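For reference, the structure is listed below as C-alpha cells.
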There are 4 protein chains.
Amino acid sequence: MTNTSLAAYADPENPALPKVGMDIELGRTALLITDPQIDFLSPKGAAWDAFGESITEHNTVENIGRLLQASKSAGIEVVISPHYYYPFDHRWDFAATGETLMHKLRMFDRRDPLSLEGFDGSGADWMPEYKEFIHDGKTIVCSPHKIAGPQTNDVVFQLRKKKIDKVILAGMAANFCVESHLRDLVEKGFEVAVVRDATAGSKLPEGDAYLAALVNFRWFANDLWTTADAVDRLSRAR
Amino acid sequence: MTNTSLAAYADPENPALPKVGMDIELGRTALLITDPQIDFLSPKGAAWDAFGESITEHNTVENIGRLLQASKSAGIEVVISPHYYYPFDHRWDFAATGETLMHKLRMFDRRDPLSLEGFDGSGADWMPEYKEFIHDGKTIVCSPHKIAGPQTNDVVFQLRKKKIDKVILAGMAANFCVESHLRDLVEKGFEVAVVRDATAGSKLPEGDAYLAALVNFRWFANDLWTTADAVDRLSRAR
Amino acid sequence: MTNTSLAAYADPENPALPKVGMDIELGRTALLITDPQIDFLSPKGAAWDAFGESITEHNTVENIGRLLQASKSAGIEVVISPHYYYPFDHRWDFAATGETLMHKLRMFDRRDPLSLEGFDGSGADWMPEYKEFIHDGKTIVCSPHKIAGPQTNDVVFQLRKKKIDKVILAGMAANFCVESHLRDLVEKGFEVAVVRDATAGSKLPEGDAYLAALVNFRWFANDLWTTADAVDRLSRAR
Amino acid sequence: MTNTSLAAYADPENPALPKVGMDIELGRTALLITDPQIDFLSPKGAAWDAFGESITEHNTVENIGRLLQASKSAGIEVVISPHYYYPFDHRWDFAATGETLMHKLRMFDRRDPLSLEGFDGSGADWMPEYKEFIHDGKTIVCSPHKIAGPQTNDVVFQLRKKKIDKVILAGMAANFCVESHLRDLVEKGFEVAVVRDATAGSKLPEGDAYLAALVNFRWFANDLWTTADAVDRLSRAR
C-alpha cells in the first residue's frame with residue numbers, strides 16, 4: 001500500500017457518494033478527541049510500533065494540538081473521551097482481537113479508578129502538549145470508554161447536556177475509537193465531521209487500518225476535513 | 001484493487017493480531033442476519049450497481065442461505081435485523097453520506113409501519129430463497145434498524161431474552177450494517193464471529209468497502225469464518 | 001406518611017423540590033405518546049380491570065385526544081411509541097412481573113411483524129378517536145418498545161433526527177411506559193414535561209401506581225403539567 | 001386508596017401481580033450497589049435531611065454491609081455504580097428537578113476526574129464500613145452514572161464481560177438510582193432481584209419516595225427480597 005493509493009483514496013476523482021457537508025454553529029458544536037494519550041501518540045507509548053508510521057505520516061500529534069487550540073480560541077466545548085484499563089478489566093471472561101492486543105500491550109493501565117499512583121507521565125496520561133488545553137478548567141473529560149465506542153461512557157450525555165448536536169471528531173485510533181465514536185454518534189442523532197489528518201491507524205499485515213477508516217468515514221460522516229479546513233472553519237464560525 | 005490484494009488481506013501470512021476464536025455453544029449462540037432483502041441482494045434491487053460485483057464474487061446470496069439452513073438444522077435461534085424506511089424517515093432534518101445515498105436510491109421503502117401495501121416482492125421484502133426460513137414461525141424478526149447499527153432496534157434485547165451471548169453475524173452490507181452491528185454488539189458484551197463470505201461490500205471510487213470491513217472484522221470480531229467453516233462448526237456443535 | 005390522597009400528592013402545600021420548568025420552543029419540541037392503544041385505554045381492552053378506574057378518574061382518553069389536537073394545531077412533531085407483542089416475544093426465557101402480566105393478558109398481541117391479519121380494531125390497534133391524528137401522514141410512528149422504555153426502539157433517534165430536545169410526554173401507563181420513557185429520555189439528555197392527567201395507572205393490592213408515578217415525575221421531569229396547561233402553552237408557543 | 005401504610009404496601013394480602021422469582025446461580029449473578037457513599041448514607045452527608053428517616057427505619061447502612069459481606073463470602077462479583085459530580089457537570093445547560101436538588105446540595109462533588117484532592121472522607125467517598133469490601137482488589141468499581149441510571153456508565157458492560165445476567169440490586173436512593181438501574185437493566189435483558197431494606201427513600205412533601213419505589217419494584221423486578229432473604233439465599237447458592 002503506497003502513498004499513491006493513499007492519495008487515491010483520499011481524493012477520488014469521481015466521487016460516487018453524495019456530498020453532504022456540515023457547518024459549524026458555535027453554540028451547538030463541540031470538538032471531541034478520543035484517546036489523546038501517550039500510549040497511542042508518543043514514541044514512548046505501548047502501541048507506537050503499530051501506529052507510529054501513520055502518526056508520523058499525518059503529523060497527527062501536531063494536528064490534534066492545532067484543533068485543540070483553534071477550538072479553545074473559537075470558544076466551543078472541548079470533550080475528551082479517554083481510555084483507561086483497571087485491574088478488574090483484565091479479568092474479563094472474553095475479549096475480541098483488538099481488545100486482547102490492548103490488554104497484552106498493557107495500554108492505558110491504571111492502578112484503580114480511585115488511585116493516581118504512577119499515573120503522571122504514564123502511558124495512560126495525556127500527551128504533555130495537550131495538558132494546557134485539557135486542564136484549563138473548562139474541558140469536559142468524560143469517563144473512559146472500555147472498548148472503542150461511547151456506549152460505555154458519558155460522551156453522548158455530556159454533549160446533550162450542553163445542547164451540542166454537531167461534533168468535530170479526531171483522535172486515536174482511526175478505525176478503532178474514532179470510527180466507533182463516529183458510528184455510535186450517528187446512531188444517536190449527531191452530525192459529525194471527521195478530521196482525517198488528526199488521527200492515524202495501525203499498519204499491520206492484516207491491512208492498513210487508516211485506509212479502512214477513511215472508506216468508512218466517507219460513508220458515515222457528514223463531512224471529512226483536514227486540520228487546515230477545520231481550523232479555518234473554526235476561525236470563521238459564529 | 002485486484003483479487004491479489006483481496007487474497008492478501010484475507011489471509012495475511014504473518015498475522016500480528018492475536019488469535020482469539022469463538023466456540024459455538026448451541027443454547028447461547030444465535031445466527032444474526034442483517035438486511036437479507038431484495039434491495040441489497042438481488043439484481044432487481046436498488047443498490048445492485050454498487051454491490052453486485054462483490055455479491056457475485058463472494059457468492060453471498062447462496063452463502064447466507066447455507067447459514068440459514070445450517071442454523072435451523074442445528075436448532076439455534078435465527079434473528080433478522082431488517083432495514084425499512086417510512087415516509088417520515090425521508091423528512092429527517094439531516095443525514096450523513098451513506099444514509100443520503102440509501103434515501104436517494106429509495107432503498108427499503110415502505111408505505112407505513114402499519115401498511116403492507118406494495119410490500120410483497122418489493123425491494124424491502126426478503127429475498128425469496130430465504131422466506132421458508134424466516135417464515136417458519138420461529139425466526140425472530142426484529143424491528144428495523146434506522147442507519148446501520150442495532151442501537152435503534154431490539155436486536156440486543158431479543159438476544160438477551162433468549163440468553164444468547166454469542167453471535168454468528170452475516171448479511172449486508174459488510175462495512176455498513178454488518179460492521180455497525182458487530183461494533184455495537186461488542187460494546188454490549190457479546191462474542192461475535194463474522195462470516196466473511198456471507199456478506200459483501202460496495203465498490204465505488206471512494207474505496208473497496210469489503211476490504212475496509214475485513215480489516216475491521218479482524219480488529220473487532222472474536223473470530224472470522226467462511227461459510228464452509230460456519231456450516232461445519234454448526235453441524236458439530238452441541 | 002399522612003397526606004396520602006391524590007390531591008395532596010398532586011399539590012404539596014410546601015414543595016421541597018426545586019421548581020425547574022420547561023418552555024415550549026416549537027421547532028425543538030415534540031409530543032410523545034406511549035401506547036395509545038385499545039388494550040390500555042378502552043373498556044374492551046385486555047387491561048381495563050386494572051387501569052379503568054384511574055383512566056376514568058383522570059379523563060385520560062379525552063385528554064390524550066386534546067393533546068394530539070393541540071399539538072397538530074401548533075404544528076409540532078407528534079411521535080408515537082407503541083407496544084406490540086409477536087409470537088416470538090412469548091418465547092422469551094424469562095420475564096419480570098409486569099411483563100408476565102402483560103403476556104398473560106395477551107396485551108398488544110399481533111400475529112407477526114409483517115402481518116396485519118386481525119389487527120384492525122384489536123387490542124393492539126390505536127384508539128379509534130386518535131386515528132385521524134396518527135394517520136395524517138405526518139405523525140412519526142416508532143417501532144414498538146418491548147418492555148416499557150425506549151431503549152428497544154427508535155424514539156430517541158427519531159426525535160434527534162428532527163432536532164427535538166424537549167418532549168411533552170403522556171400516554172399509558174403512568175408508572176410503566178410513561179415513567180420508563182421519562183427516565184430514559186432524561187438519561188439521553190432531553191428536557192421532559194409530563195402531562196399528569198393524560199396518563200393513568202393501575203390500582204392493585206400492590207399499590208396505587210399512579211401515585212407512585214406522580215412522586216417520580218416530580219423527581220425526574222423538568223415540569224409537570226395538566227392537559228389544560230399543555231394545551232394553553234401550545235396555543236401560545238412560537 | 002386505603003392501605004397506605006408501609007406494612008400494607010410491603011405485604012399485600014392478596015397480590016394481583018404474578019409471582020416470578022429469581023434463583024441465584026453463582027457464576028452468573030452479581031451484587032450491584034448504587035451510591036454507597038457518605039452524601040447519601042451518613043448523618044454527615046449532604047442529603048441526610050431528606051433521606052435520614054428512611055435510612056434509619058430500614059437499617060439501610062447495616063443491611064448494605066451485610067449484603068457485601070455475604071456476596072464476598074459466596075464469591076460472587078460485586079459491582080459498584082458510584083455518583084460523582086465534577087465542575088463541568090455544574091455547567092450543564094439544563095437539569096430536571098432531582099438533578100437540580102443534587103447540584104444545589106453539592107452532593108458527590110469532586111474537583112476533577114483526575115484529582116483526588118479532598119476526596120478522602122468527603123461526601124463523595126465510600127461509607128467507611130464498606131471500604132474493606134470495595135478495596136479488596138476484586139470489586140468492580142464502575143465509572144460514575146450522571147443522573148440515576150446506568151445509561152451513562154459501564155455497569156451493563158462490566159456485568160456482561162463477566163457473563164453475569166442476574167443482578168441482586170441495592171443501594172441508594174430507592175426511587176432514584178436503584179429504580180433507574182432496575183429499569184434499565186431490565187430493558188437490557190437482565191433478571192433483577194431488589195433488596196428492599198438495603199435501600200431507602202426521601203420523605204418530602206412531594207410524597208414518600210420509598211413507597212413509590214416499592215410499587216415499581218413489584219412491577220419491574222423479578223423478585224423482591226429482604227436482606228435476610230438475600231443473605232440466606234447467598235449462603236445456600238452454588
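Computed from a predicted structure; not experimentally measured. Per chain, numbering begins at 1; letters A, B, ... match sequence-line order.
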Checklist entry - Hey, does C/N216 have a side-chain heavy atom less than 4.5 Å from the side chain of D/N216? => result yes
Item to check | Between CG on residue D/L204 and CG on residue C/N14, distance to nearest 0.5 Å | outcome: 12.0 Å
Checklist entry - Which one, C/G98, C/A209, C/A50, leads in non-hydrogen pairs under 4.5 Å with chain D? => result C/G98
Next on the checklist: Please check: side-chain N/O of C/E206 versus main-chain N/O of D/A16, any donor-acceptor pairing under 3.5 Å?
Outcome noted: yes
Checklist entry - Can a salt bridge be assigned to the pair D/K146 and C/E187 using a cut-off of 4.0 Å between side-chain N and carboxylate O? => result no
Item to check | Atom group of C/F220 that falls short of 4.5 Å from chain D, counting heavy atoms | outcome: both
Checklist outcome for this item: Okay, C/A221 and chain D: the region with an atom under 4.5 Å from a heavy atom over there is backbone
Item to check | Segment of C/A213 engaging chain D (4.5 angstrom heavy-atom cut-off) | outcome: neither
Item to check | Residue part contacting chain C, namely of D/A148, when any heavy atom lies under 4.5 Å | outcome: both
Checklist entry - When only pairs under 4.5 Å are counted, which of C/K104, C/Q151, C/R183, C/H145 shares the most heavy-atom pairs with chain D? => result C/R183
Checklist entry - At what distance, to the nearest 0.5 angstrom, does CD of D/E99 lie from CH2 of C/W219? => result 11.5 Å
Checklist entry - Does any heavy atom of chain C fall under 4.5 Å from the side chain of D/K188, the backbone, both, or neither of them? => result side chain
Checklist entry - Which pair of heavy atoms, one from C/A95 and one from D/V20, lies closest together, and at what distance? => result O-CG1, 3.2 Å
Checklist entry - Side chain, backbone, both or neither: which part of C/I147 has an atom under 4.5 Å from a heavy atom of chain D? => result both
Item to check | Heavy-atom contact with chain C under 4.5 Å, split by part of D/F190 | outcome: backbone
Checklist outcome for this item: For C/V215 and D/G207 the tightest heavy-atom approach is CG2-CA, 4.1 Å
Item to check | Main-chain N/O of D/L17 paired to C/T97 side chain as donor or acceptor, under 3.5 Å | outcome: no
